[in-house]
J.: 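Take a look at the following structure, please.
Below, chains carry the letters A, B, ... as their sequence lines are ordered, and counting in each starts from 1. Computed from a prediction, not measured in an experiment: that's the story for all the values here. Just so you know, these numbers use all the heavy atoms, side chains as well, and skip hydrogens, waters and symmetry mates.
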Amino acid sequence: MTRLGWLGYTVGTDPRPRRNCSVVRTRYAPSPSGTLHIGGARTALFSFLYARHFDGRFVLRVEDTDQTRQVDGSERAMMRGLASLGIVWDEGPDVGGDFGPYRQSERLAEHREVADRLLADGHAYRCYCTPEELERERAARRAQGLPPRYSGRCRRLNPADWAERQDKAFVVRLKVSASGSTVVDDLIRGPVSFDNQVLDDFVLMKPDYTPVYNFAVVVDDHGMGITHVIRGEEHLSNTPKQILVYEALDWPVPQFAHVPMILAPDRSKLSKRHGATSVEEYLDQGILPEALRNYLLLLGWSSPAGNEIIGLDEAIRLFDLDRVQHTAAIYDTKKLEWMTQQYLKTLPLSRVVEAVKPFAERLGINWGLGPPLDVAVALVRERAYTLRQVAEGIRFLYQPPASYDGQGVRKHFTAPEAPGRLRDLATHLDVLEEWSHDALAALYDQLALAWGVKRAELIHPTRLAVSGKTVGPGLFELVQTVGRDETAKRLRHAAALIESGSVPES
RNA sequence: GACCCCAUGGUCUAGUGGCCUAGGACAUCACCCUUUCAAGGUGGUAACCCGGGUUCGAAUCCCGGUGGGGUCACCA
């Protein structure tokens with residue numbers, strides 16, 4: 001296949017991966033200010049898949065440069081979130097690696113060294129303007145309808161002037177040429193050009209001689225040998241600044257890929273008021289991590305064949321940046337739940353059982369006192385959309401119903417002969433020769449015939465009496481799993497409640 | 001406001017000038033199956049933002065508008 005690449009010349013199948021020249025190295029660089037956001041999770045997933053697809057390395061870096069937003073335990077929460085989705089990092093703050101340290105705060109010496117170099121070779125300069133002066137300048141420009149661009153008046157100062165002001169606070173600014181333009185060759189969007197006039201001599205180092213993001217990120221990415229910077233679209237506008245830093249340092253510019261954002265259903269930026277926004281919250285609601293990962297994969301990327309249920313290995317095999325969408329996506333929890341159901345049905349039973357345990361525990365289910373958990377889970381897993389629903393679905397196998405579905409009560413418990421039938425049913429079950437699905441079915445057929453009713457008229461009241469619900473697994477397997485004595489007991493108990501007119505409804 | 005990105009059903013998307021009477025998935029509606037629910041099956045409703053070009057031909061290319069999003073810090 002030959003086609004026109006984004007640079008305008010004819011290229012082979014895929015010009016991007018330079019697997020012959022160098023190993024692909026990607027990174028995910030969250031700031032530890034909370035839990036893993038689903039947008040961040042997807043960016044991390046794409047970065048990870050891209051690296052794995054080209055037999056490269058995926059790096060985790062924590063951007064913890066002193067800031068008030070720092071949240072305790074956030075770093076570990078981020079790692080837990082990533083790990084739950086099957087994203088593993090080859091290098092990172094916990095596992096180390098040859099390009100460490102992997103915490104931005106621990107790279108301060110390097111940031112300072114590079115800033116010194118820029119100062120020494122004239123690419124950067126000290127700026128002594130105070131925040132008040134800058135604000136005044138900005139206000140003046142705004143009043144004239146001009147973009148708030150720093151005038152660059154401290155550029156005139158030379159090292160001799162700097163020496164004179166030894167005691168005064170300063171920041172380090174990069175000298176940006178006001179002419180020409182800077183082009184970001186984005187792997188997803190193609191070349192994006194920025195007029196240098198809209199950029200100003202931005203700050204590299206703060207007065208305390210710590211780096212500003214746009215500087216630190218360049219020093220870190222270069223220091224870690226990152227070849228492909230895959231990150232959220234919100235960074236696209238910052239990229240020319242970073243490229244200018246690379247150029248001033250005479251460092252090779254990595255490839256960039258800006259993935260579209262994930263928006264809330266009202267097309268605004270995702271925030272807490274839109275409900276669950278973090279991986280943690282979704283998992284807590286009973287979404288399977290496998291499903292969340294699959295869902296996130298499909299948010300902005302599609303497989304060439306159009307299939308949607310894609311496991312991790314297949315995702316690694318298929319993933320590439322050229323099929324990443326340009327448009328921001330809105331997440332849809334309905335499809336996420338559907339996806340969870342797909343995995344609930346097809347994952348190894350043992351895996352689902354493990355995943356259900358915390359949710360069963362939350363409901364106070366003691367699975368030592370009933371049928372084996374795997375039997376219970378097998379019974380309901382394909383009619384649930386979340387792990388929570390699985391737990392709720394198996395609850396009656398371990399605890400007798402505390403209440404009965406209201407609509408069901410009105411429908412199946414109100415007939416005058418209802419309690420009597422439940423008792424008769426119990427009596428027959430007591431002496432049923434074989435406690436099997438088929439024997440139970442035969443019994444119900446036989447009784448229905450004898451009593452001159454439809455089999456369903458026996459089935460529904462039984463289900464309600466035994467499980468408290470009108471929905472659930474097939475009745476005979478349900479009853480079989482609950483057990484003979486317990487079933488009879490529940491039937492008689494329900495009959496008694498009906499007769500005393502005190503059926504608790506839900 | 002300036003700059004940048006983007007624009008296919010309610011949502012995720014396929015689509016790289018003729019294969020499009022625009023395909024798939026979720027959701028939704030109807031029917032079938034059925035001991036309930038779920039699953040499954042069948043069928044339906046529903047989209048190329050607008051306006052100009054280019055071309056024999058445009059969802060696809062170009063320009064303009066509109067709309068949405070992002071960035072403009074001594075935050076990351």
Side-chain angles (χ1 to χ4, degrees), chain A residues 3-4 29-33 63-70 104 127 129-131 134-135 138 142 145-149 169-173 184 186 188-189 192-195 197-200 202-208 210 212-214 216-217 232-241 258 260-261 263 265 267-269 295 298-309 323 325-339 341 345 380-385 389 393 408 412 441 444 454-460 462-464 467 469-476 478:
Chain A
R3 63 178 192 186
L4 213 55
S31 84
S33 56
E63 306 212 323
D64 61 344
T65 313
D66 272 359
Q67 54 169 306
T68 45
R69 309 205 327 236
Q70 208 94 284
Q104 194 164 67
C127 170
C129 296
T130 64
L134 293 173
E135 187 41 53
R138 270 195 287 265
R142 224 175 296 129
L146 294 167
R149 192 177 187 278
F170 65 89
V171 298
V172 177
R173 286 180 185 272
V184 180
D186 192 89
I188 294 172
R189 291 151 213 281
V192 181
S193 179
F194 294 83
D195 204 325
Q197 275 183 11
V198 306
L199 274 15
D200 63 356
F202 57 93
V203 173
L204 262 24
M205 298 294 275
K206 297 181 236 179
D208 61 358
T210 60
V212 147
Y213 171 74
N214 280 317
V217 76
E233 189 187 345
E234 67 270 26
H235 290 285
L236 183 54
S237 300
N238 279 325
T239 307
K241 290 184 182 178
H258 291 92
M261 306 194 49
L263 266 27
R267 302 212 74 89
S268 69
K269 199 166 179 172
Y295 178 74
L298 258 27
L299 220 49
W301 179 85
S302 58
S303 106
N307 53 324
E308 305 211 310
I309 304 299
R323 294 190 64 85
Q325 185 79 12
H326 299 183
T327 325
I330 295 171
Y331 69 89
D332 175 14
T333 50
K334 275 283 198 308
K335 188 157 183 176
L336 215 202
E337 291 188 349
W338 169 81
M339 190 70 83
Q341 185 190 43
K345 288 201 289 191
V380 305
R381 66 156 154 176
E382 55 185 55
R383 34 197 121 222
Y385 285 98
Q389 288 173 13
H412 307 302
Y444 270 70
K454 285 199 280 189
R455 195 172 71 157
E457 288 179 58
L458 267 28
I459 287 176
H460 294 311
T462 304
R463 172 193 303 285
L464 188 59
S467 73
K469 295 186 215 170
T470 57
V471 302
L475 182 77
F476 305 128
L478 182 159

J.: Counting the atoms with a prime plus P, OP1 and OP2 as sugar-phosphate, which does A:S193 contact under 4.0 Å by heavy atoms, base, sugar-phosphate, or nothing?
T.: sugar-phosphate
J.: How long is the gap from NE2 on A:H258 to OG1 on A:T239, to the nearest 0.5 Å?
T.: 3.0 Å
J.: Which nucleotide, if any, forms a Watson-Crick or G-U wobble pair with B:A14, using both distances under 3.5 Å?
T.: none
J.: Just call it for A:Q104: base, sugar-phosphate, or nothing, with non-hydrogen atoms closer than 4.0 Å on any strand.
T.: sugar-phosphate
J.: At under 4.0 Å between heavy atoms, what does A:P473 touch on the DNA or RNA strands: base, sugar-phosphate, or nothing?
T.: base
J.: Across all strands, who's sitting opposite B:C61 as a Watson-Crick or G-U wobble pair, both distances under 3.5 Å?
T.: B:G53
J.: Starting at CZ of A:R383 and ending at C1' of B:U34, how long is that distance when rounded to a whole Å?
T.: 11 Å
J.: Of the nucleotides B:G69, B:U35, B:C4, which has the atom closest to the A:F194 side chain?
T.: B:C4
J.: How would you summarise protein contacts on nucleotides 25-33 of chain B per nucleotide, using B for base, S for sugar-phosphate only and - for none, with heavy-atom distances below 4.0 Å?
T.: BB-------
J.: Starting at CG of A:L263 and ending at C1' of B:C5, how long is that distance when rounded to a whole Å?
T.: 13 Å
J.: Measuring only the C1' atom in each nucleotide, how far is B:U8 from B:G15? A whole number of Å is fine.
T.: 9 Å
J.: Please measure how far the P atom in B:C37 lies from the corresponding atom in B:U28, and state the result in whole Å.
T.: 15 Å
J.: Taking the inter-plane angle between the rings of A:H460 and A:H412 on a 0 to 90° scale, is it parallel (under 30°), tilted (30 to 60°) or perpendicular (over 60°)?
T.: parallel
J.: Between B:A14, B:C37, B:C72, which one does the side chain of A:R323 approach most closely?
T.: B:A14
J.: Minimum heavy-atom separation for A:P207 to A:V171, with atom names?
T.: CD-CG1, 3.6 Å
J.: Given 3.5 Å as the limit, does a donor-acceptor pair link the side chain of A:Y295 with the main chain of A:D332, or not?
T.: yes
J.: Give none if B:A27 has no partner; otherwise give the nucleotide forming a Watson-Crick or G-U wobble pair with it, both distances under 3.5 Å.
T.: none
J.: Considering only side-chain heavy atoms of A:L236, which listed nucleotide, B:A76, B:U13, B:C4, is closest?
T.: B:C4
J.: Atom CG of A:D186 and atom C1' of B:G70: how far apart are they, to the nearest Å?
T.: 13 Å
J.: Please give the nucleotide sitting opposite B:C19 as a Watson-Crick or G-U wobble pair, both distances under 3.5 Å, or none.
T.: none
J.: Do the ring centers of A:F476 and A:Y444 come within less than 6.0 Å of each other?
T.: yes
J.: Nearest nucleotide by nearest heavy atom, which residue falls closer to the 5' end of RNA chain B, A:T130 or A:G472?
T.: A:G472
J.: Quick one: does A:D64's side chain have a donor or acceptor within less than 3.5 Å of a partner on A:P32's backbone?
T.: no
J.: Round to the nearest Å and state the distance from A:E234 atom CD to B:C3 atom C1'.
T.: 17 Å
J.: Could you tell me which nucleotide pairs with B:A47 by Watson-Crick or G-U wobble geometry, both distances under 3.5 Å, or answer none if nothing does?
T.: none
J.: Tell me: OH of A:Y295 to P of B:U13, nearest whole Å?
T.: 8 Å
J.: Scan A:L458 against the nucleic acid and name what it touches under 4.0 Å (heavy atoms): base, sugar-phosphate only, or nothing.
T.: nothing
J.: Which atom pair, heavy atoms only, marks the closest approach of A:L236 to A:R189?
T.: CD2-CD, 4.1 Å
J.: Does any nucleotide pair with B:A38 by Watson-Crick or G-U wobble geometry, both distances under 3.5 Å, and what is it?
T.: none
J.: Suppose you measure atom P in B:U54 against the same atom in B:C48; what distance do you get, rounded to whole Å?
T.: 24 Å
J.: Out of B:U8, B:C74, B:A76, which has the shortest distance to the side chain of A:T327?
T.: B:U8
J.: Quickly work out the A:H326 NE2 to B:G70 C1' distance and round it to whole Å.
T.: 16 Å
J.: Once hydrogens and angles are ignored, does a donor-acceptor distance under 3.5 Å link the base of B:C5 to the side chain of A:R189?
T.: no
J.: Between B:C3 and B:A73, how many Å separate the two P atoms, rounded to a whole number?
T.: 16 Å
J.: Using the closest heavy atom to pick a nucleotide of RNA chain B for each, name whichever of A:V192 or A:Q325 lands nearer the 5' end.
T.: A:V192
J.: Treating A:T333 as the side-chain partner and A:L336 as the backbone partner, does any N or O pair qualify as donor plus acceptor under 3.5 Å?
T.: no
J.: Among B:U36, B:A73, B:U8, which nucleotide sits nearest the side chain of A:H460?
T.: B:U36
J.: What nucleic acid atoms does A:G300 come within less than 4.0 Å of, heavy atoms only: base, sugar-phosphate, or nothing?
T.: sugar-phosphate
J.: Identify whether the distance between the nearest side-chain nitrogen and carboxylate oxygen of A:K269 and A:E234 falls below 4.0 Å.
T.: no
J.: Once you apply a heavy-atom cut-off of 4.0 Å, does A:K345 come out as touching a base, just sugar-phosphate, or nothing?
T.: sugar-phosphate
J.: Roughly how many Å apart are B:U55 and B:C12, using the P atom of each and rounding to a whole number?
T.: 36 Å
J.: In whole angstrom, what separates A:Y213's OH from B:C72's P?
T.: 11 Å
J.: Just compare B:U36, B:U35, B:C12 and give me whichever is closest to any side-chain atom of A:V471.
T.: B:U36
J.: For B:A2, which nucleotide is its Watson-Crick or G-U wobble mate, given both distances must be under 3.5 Å?
T.: B:U71
J.: For atom P, what is the distance between B:C56 and B:G44, given to the nearest Å?
T.: 38 Å
J.: Mind checking who B:A7 pairs with, Watson-Crick or G-U wobble, both distances under 3.5 Å?
T.: B:U66
J.: Which value, in whole Å, describes the distance between the P atoms of nucleotides B:G53 and B:A59?
T.: 15 Å
J.: Please pick, from B:G70, B:C37, B:C12, the nucleotide with the shortest atom-to-atom distance to any side-chain atom of A:M261.
T.: B:G70
J.: Could you tell me the separation between the CZ atom of A:R463 and the C1' atom of B:A38, rounded to a whole number of Å?
T.: 11 Å
J.: Please classify the nucleic acid contact of A:H235 as base, sugar-phosphate, or nothing, using heavy-atom distances under 4.0 Å.
T.: base
J.: Kindly give the heavy-atom pair with the smallest separation between A:M339 and A:L298, and that separation in Å.
T.: CE-CD2, 3.7 Å
J.: Given B:C74, B:C6, B:A76, identify the nucleotide with an atom nearest to the side chain of A:V203.
T.: B:C74
J.: In whole angstrom, give me the gap between the P atoms of B:A25 and B:U42.
T.: 10 Å
J.: What does A:R381 touch in the nucleic acid at a heavy-atom separation under 4.0 angstrom: a base, only the sugar-phosphate, or nothing?
T.: nothing
J.: List in chain and number order the residues that pass side chain to side chain contact (heavy atoms under 4.5 Å, CB included) with A:Y385, two or more places apart in sequence or in another chain; answer none if no residue qualifies.
T.: A:E337, A:Q341, A:Q389
J.: Counting any heavy atom closer than 4.0 Å, what does A:I330 reach on the DNA or RNA strands: base, sugar-phosphate only, or nothing?
T.: sugar-phosphate
J.: Go through B:A38, B:C74, B:U35 for me and flag the one nearest to the A:Q341 side chain.
T.: B:A38
J.: Among B:G69, B:U35, B:U71, find the nucleotide with the atom closest to the side chain of A:R455.
T.: B:U35
J.: When we call it a touch if two heavy atoms are under 4.0 Å apart, what does A:K469 touch: a base, just sugar-phosphate, or nothing?
T.: nothing
J.: Touch check for A:R267, heavy atoms < 4.0 angstrom, all strands: base, sugar-phosphate only, or nothing?
T.: sugar-phosphate
J.: How would you label the contact of A:S302 with the nucleic acid (heavy atoms, under 4.0 Å): base, sugar-phosphate, or nothing?
T.: sugar-phosphate
J.: Which heavy atom of A:A329 sits nearest a heavy atom of A:L299, and at what distance?
T.: CB-CG, 3.9 Å
